[in-house]
There are 2 protein chains.
Amino acid sequence: MPRPPSTPEVQRTSAARDRILEAAFALFYARGIRAVGVDLIIAESGVAKATFYKHFPAKDDLVVAYLDKVDGVWTGQLRAAAEAAGPDPAGQLVGLFDALGTACRREGYRGCAFINAAAESQPGTAVHDRTVAHKAAVMAWMSGLAEQAGAHDPGSLARSLALLLDGGLASGALDASPDAPEAAKDSARILVGSTVRPRGRRTALRS
Amino acid sequence: MPRPPSTPEVQRTSAARDRILEAAFALFYARGIRAVGVDLIIAESGVAKATFYKHFPAKDDLVVAYLDKVDGVWTGQLRAAAEAAGPDPAGQLVGLFDALGTACRREGYRGCAFINAAAESQPGTAVHDRTVAHKAAVMAWMSGLAEQAGAHDPGSLARSLALLLDGGLASGALDASPDAPEAAKDSARILVGSTVRPRGRRTALRS
DNA sequence: GTCGAGGTAGACAGACCTGTCTACCTGAGG
DNA sequence: CCTCAGGTAGACAGGTCTGTCTACCTCGAC
């Protein structure tokens, strides 16, 4: 092992790699994964083919990197929307649905990148697994919030809210009507209210 | 117009056509639309290539026929589940979620065929339009039920239940855990109950 | 100044995909 | 008997896709 510690086999980060990933991010989301060939990504990112295959030995590796990027972005937006709703966990569970409204309103919105990717992949593949992992992570986060909010059955509440969120993500891409996110938020409020018992101020339960 | 009335240009129904559609139904759903070539469908249905292209001049025509078939099947299951819940419209709105549970439990379940198809198609195409039309039809039906049930805002209730349904359809394909359909049904009960006012028997409102 | 990592440019192989076309078969109605 | 709709079998054209490979460039570290 004479390799110095700062020379990984393939650089994990570089300008070329970033450009590839950025082009893939836009193209995969807008047109679907199978519909976008590597040649198009190469042309769009202004990179040589050899460079592409040095960073991503197979197209699937790029797809996984794309999903990881989406995960980072979407998780961030969800957390930001929740925090913007204030310190109350129950309110955060409702407020996170503002991220859905913002996403649906965005030009070129085409649904949940993960669900779309899963629709194009087979169970057991790396791509499919990323989707499952992402959804599980989001639900775990909501479950924690539900517990802090003093929900009767935090896992069940989180599951229900996840259904609402996924449903909004999916149907927001179909009819452009903005009342889907709104309905999702209203429903979330009802669902949260039904297990958290709004009167009673359970927030400071533990102290 | 010398054409006798019983000789359409291309027969709308025939054994060969049915076999093609049946093979397409299974393959498109299991593997995705783009992932299945016409050659595979031809081989699987035991039909000649010329016959295939006589019935479906382009692959997209077959895709549309596939979606129409899915629409018939799924709509039927939804209505059957609703009717099995009894004559009460509010109960039917909850009971239709049993169709979701049944679907998710089925071997090889891979989510909503329409959402999956939309993920692989562009807005404005015939395939995408079918998806939008299907979702609108389901929601219109639920909206009618909600009105009969005396919901305060039937359209809004139908929208919320549609979110739950689509969310269940989407996530049922990801984690195989059977509690997604259950959570959807429980949430539906709460949502229906919150606008229909369970005590008060609003069912016979209009007579 | 030399060496090597990272990049560019593009030809190429081999697979697969849609859609067309020719040639032949079969069976029922007139 | 003969015709013709509907079907079979499969070659073929033209395009696209992934992934490999050769040849050359550039710039910073040693």
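Throughout, protein chains are lettered first and strands after them, A, B, ... in sequence-line order, and every chain is numbered starting at 1.
- The distance from atom NE2 of A:H55 to atom P of D:dT20 is 16 Å, rounded to the nearest whole Å.
- Between B:I20 and B:I41, the closest heavy-atom pair is O-CG2, 4.0 Å.
- Atom CG of A:L62 and atom P of D:dC17 are 15 Å apart (whole Å).
- The aromatic rings of B:Y66 and B:F28 lie perpendicular to each other, with more than 60° between the two planes, well past the 30° mark.
- A donor-acceptor pair under 3.5 Å is absent between the side-chain atoms of B:S171 and the main chain of B:L174, judged by distance alone.
- Atoms CZ (A:F52) and P (D:dC17) sit 13 Å apart, rounded to a whole Å.
- Near DNA chain C, defined here as any heavy-atom distance below 4.0 Å, the residues from residues 24-44 of chain B are B:V36, B:G37, B:V38, B:D39, listed numerically.
- Expressed to the nearest 0.5 Å, how far CE of A:M139 lies from CG of A:L157 amounts to 10.5 Å.
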Step by step, would you call A:K49 with A:D39 a side-chain contact (heavy atoms from CB on, under 4.5 Å)?
CA-CA 8 Å; A:K49 206 161 194 177; A:D39 278 344; 3.0 Å; yes
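- Atom-to-atom, NZ of B:K59 to P of C:dG19 comes out at 9 Å; the value is rounded to the nearest Å.
- Between A:T51 and C:dT8, a side-chain N or O to OP1/OP2 separation shorter than 4.0 Å is present.
- As rounded to whole Å, 11 Å separates atom C1' of C:dT8 from atom CZ of A:R19.
- Rounded to whole angstrom, the span from the CZ atom of B:F56 across to the P atom of C:dT20 amounts to 15 Å.
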Can you name the atoms? Protein N/O to nucleotides 10-16 of chain D N/O, anything below 3.5 Å, with the distance.
none

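- A salt bridge is defined here as a Lys NZ or Arg NE, NH1 or NH2 lying under 4.0 Å from an Asp or Glu carboxylate O, and A:D71 with A:R130 fails to meet this definition.
- At distances below 3.5 Å, not a single donor-acceptor pair connects side-chain atoms of A:D179 with backbone N or O atoms of A:E182.
- Look at CD1 on B:I20: it is 12 Å from C1' on D:dT8, rounded to the nearest Å.
- When all heavy atoms of A:G95 and A:A85 are compared, the pair lying nearest together is CA-CB, 3.9 Å.
- One finds a side-chain N or O of B:S14 lying less than 4.0 angstrom from the OP1 or OP2 phosphate oxygen of D:dG7.
- Atom NZ of B:K54 is separated from atom P of D:dC4 by 14 Å (rounded to the nearest Å).
- Residues A:V36 and A:L40 approach most closely at CG1-CD2, 4.3 Å, considering heavy atoms.
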